[in-house]
Amino acid sequence: MAGKNAAASILKTLLKPSSTPQSAAGKTLTQTVLSLLKANRLQKAVSILFASPESVPYSLYAHLFQLCSSSHAIVEARKVESHLVSFSPTPPIFLLNRAIECYGKCGNLNDARELFDEMPERDGGSWNAMLSAYTQNGFAGKAVELFLEMNSARVLGNEITYASVLGSSAGELELGLSRQIHGLIVKRGFCGNVILESSLVDVYGKCMVMSDARRMFDEIENKNAVSWNVIVRRYLEAGDEKESIVMFFKMLREDNCPLNFTFANALLACSLLSSLKEGMQIHGVVIKMDFVGDEVVLGSLIDMYVKCGKLEDACRIFYQPGKRDMISWTSIVSGYATNGRIREARELFNDMPERNVISWNAMLAGYTHSLQWEEALSFFNLMQETTKDIDHVTLGLLLNVCAGLPDVEMGKQVHGFIYRHGYSINVFVSNALLDMYCKCGNLRCARVWFYQMSGWRDKVSWNALLTSYARCGQSEQAMTFFSKMQWETTPSKFTFGTLLAACANMFALKQGKQIHCFMIRNGYEMDIVVRGALVDMYTKCNCLDYAIRVFKESSSWDVILCNSIIFGCCCNGRGKDALELFSLMKKEGIKPDHITFHGILLACICECHIKLGLQYFDLMSNEYGIIPQLEHYVCMIELYCQNGCMEELENFVKRIPFDPTVSLLTKIFRFCRKQGHTKLGEWAAKKLSKLDPSVQFQV
DNA sequence: GCGTTTCCGA
């Protein structure tokens, strides 16, 4: 803004003395053009000007360039420039600068540069115009290059120059250059300029040097709303959400009014941390400072409540009378979709007044999240029929569908589409593709693709490959890949989850302990999944005490973690502890699954609890709606056989709703022979010889 | 300011 005002005042002073006396025809032309402009007919005005070999006042050219800029009229801009250079023998520099600015605003960088290069004389404004043409069009590298050229040409920039090049050096993550520019700013005495100072905070933040960003921020004497917004945003993007929120509240304490986007950034920090308390406090501030009519703020509030798991609160804001934009709609649809409330999500989706590709993706993600692959596929087909808009997220989700079905042939078709449309180098898409090959069990394709990704793969790619090796039992291979991985990237908690599982399968206590130690030493987060893997590794390696310790230190438990420790107890003859864990689960509100009951039945075998075993067996279907599977029947038969319960066994065998397997029948047969129970033994032998006629069974 | 990837149990 400061630049525009300065330019306007220069224009005013220059305009009168440099205007040449006009011919009568020139005056008429000027009047015609001006009246057409008044009638909003830019195109007509310019074509009349273009056809007339008369010069008009510089002020009119300036006005025309401005109008061309605001209406992105490239053709008209060219005509105006052409007229200017044809009928003014020496057009003033400021007007040519205007032309460059105009080309820049129209995104016409080639014309801008051509004019810049051909100018007989340039001033600082010419450089600034060219610089902002590059920065505004996202050519940060070009802008930085031009700034360096400017310095070699010994042209001293002004504040506008620095503001615009700082934006670009941040975009290019040019930390070294940014520091040099910072030095120049200090040297030229522009330190008190809050725009430059805030830009410096922005640059350091974007280059992830938050300590420098903060130091710069603290040095700003007259911080404005933008300065505060920058520091809140930078902490957020640097992954320090806590400090982001701290700064937001500091801003309020120092009596500053946030921008709507500052609210949005602070609320986003709350979402990422799932810190509902702070989010609600900010909600209070929103009401107090009267931002309730701002759709950006409302959208962010809705999303915060959704991400903190408070769907009902999000809805309350959503259904309040007032503005509801597409982003709020999408947030709320996504909220229902990711909470597994697909039907409600779909109803809302159908009610949306307008949708973009993100709304479609949010709904599609709902289907994939709740593993509804067929529904996801038909929704994708609907999406294709309705909109031509597909992006990398859609493709990632579609690949998840291929992996979930699993349908490697469809996956390959998607692969072809990705290849043809240049999505391959998108790391999300290419990881989803890798994951698809892994989950479809096509390790060969997975590996080929993994090697093709070598230019842009990341730790997610490594984790996906490691997991697929571990899943198909190639634990040693997974460990080898882990060593290779460290040459390229650092492991994450996801890596360790997989590796610990591989150690558990190999009973590799030493390596498992090494990984555990590594995680502690390097401050890795021990989330519930990692703890689950650790518990399983320690129980399989016969270190139940370690397993119990890891389990107890966990701040929360899930069904997998509990199952691991229950099995661990059973394997170590501590069935009583396993049964106690089951009551703990009930107390904690963790819903047991069929694996839990398998463990519980094993515990009953351990403790010879015959009656209790049957009680749990019945509880499974009566109370939890879990249909007993083969392993549960095996456990019950084992329980009866081991304890010599002939009658119970006979009654129980009648309840088996499927044809008993060979191993089940063999167990019954052997037990009956030992106990001299001919009737049931004969029944088992008969069934067995039917399954395998070559074997004879003697009762 | 809205949507997408990788990890634990039988």
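Source: prediction; values computed, not measured. A, B, ... follow the sequence lines: proteins, then strands. Residue 1 opens every chain. Only heavy atoms go into these numbers, but all of them, side chains included; no hydrogens, no water, no symmetry mates.
Comparing dC2(B), dT6(B), dG1(B) by their nearest atom to the side chain of S300(A) picks out dG1(B). Comparing dT5(B), dC2(B), dC8(B) against the side chain of L268(A) picks out dC2(B) as the nearest. Which of dC2(B), dC7(B), dC8(B) sits closest to the side chain of D527(A) comes down to dC7(B). Closest contact between the side chain of V393(A) and the listed nucleotides dT4(B), dT6(B), dA10(B) involves dT4(B). Picking from dT5(B), dC2(B), dC8(B) the nucleotide with the shortest atom distance to the side chain of I327(A) gives dC2(B). Of the candidate nucleotides dT4(B), dC8(B), dA10(B), dC8(B) has the atom nearest to the side chain of V529(A). Comparing atom distances between the N463(A) side chain and each of dT6(B), dC8(B), dC2(B) picks out dT6(B) as nearest. Ranking dT5(B), dG1(B), dT6(B) by closeness to the F428(A) side chain, first place goes to dT5(B). For A264(A), counting side-chain heavy atoms from C-beta on, the closest listed nucleotide (dC8(B), dT6(B), dG1(B)) is dG1(B). Counting only heavy atoms from C-beta on, H392(A) has its side chain closest to dT4(B) among dT4(B), dA10(B), dC7(B).
With F496(A) as the aromatic partner, K493(A) does not meet the cation-pi criteria of under 6.0 angstrom to the ring centre and within 45 degrees of the ring axis.
D593(A) has its CG atom 15 Å from the P atom of dC8(B), to the nearest Å. If you take CE of M485(A) and C1' of dC7(B), they are 11 Å apart, rounded to a whole angstrom. Atom CD1 of I627(A) and atom P of dA10(B) are 22 Å apart (whole Å). Distance I390(A) CD1 to dT4(B) C1': 14 Å, rounded to the nearest Å. Atom CD1 in I425(A) sits about 22 Å away from atom P in dT4(B), given to the nearest Å. Rounded to an integer number of Å, the gap from I560(A) CD1 to dC7(B) C1' is 10 Å. Between the CZ atom of R324(A) and the C1' atom of dG1(B) there is a distance of 17 Å, rounded to whole Å. The separation between D536(A) atom CG and dC7(B) atom P is 16 Å, rounded to whole Å.
Nucleic acid contact for E295(A): base, since at least one base atom lies under 4.0 Å from a heavy atom of the residue. If you check every strand for non-hydrogen atoms under 4.0 Å, R233(A) touches sugar and phosphate atoms only. No engagement by H632(A) is indicated, since no non-hydrogen atom pair under 4.0 Å with the nucleic acid exists. Within the nucleic acid shown, F567(A) comes within 4.0 Å of sugar-phosphate atoms alone, with no base atom in reach, counting heavy atoms only. Among the heavy atoms of the strands lying under 4.0 Å from N400(A) are primed sugar atoms or P, OP1, OP2 only; no base atom is included. As judged by a 4.0 angstrom heavy-atom cut-off over every strand, R471(A) is placed among residues touching the sugar-phosphate backbone only. Across all strands shown, G532(A) has heavy atoms under 4.0 Å from base atoms, whether or not it also approaches the sugar-phosphate.
Classification of the F597(A)-Y624(A) ring pair by plane angle, with boundaries at 30° and 60°, yields tilted. Ring geometry for F379(A) against Y367(A) counts as tilted: the plane angle lies between 30° and 60°, on a 0 to 90° scale.
Residue K540(A) places at least one side-chain N or O closer than 4.0 Å to OP1 or OP2 of dA10(B). When the side-chain nitrogen and oxygen atoms of K459(A) are compared with OP1 and OP2 of dT5(B), none of them lie within a distance under 4.0 Å.
A salt bridge links E237(A) with R233(A): at least one charged nitrogen is closer than 4.0 Å to a carboxylate oxygen.
For the atom pair CG of L630(A) and NE2 of H598(A), the computed distance is 9.0 Å after rounding to the nearest 0.5 Å. We find the NE2-CD1 distance between H283(A) and I317(A) to be 4.0 Å, quoted to the nearest 0.5 Å.
In terms of polar N and O atoms assigned as donor or acceptor, the side chain of S331(A) never comes within less than 3.5 Å of the base of dC2(B) in a complementary pairing. Put simply, the side chain of N265(A) and the base of dG1(B) share no donor and acceptor less than 3.5 Å apart.
Taking every heavy atom of both residues into account, C635(A) and I605(A) meet most closely at O-CD1, 3.5 Å.
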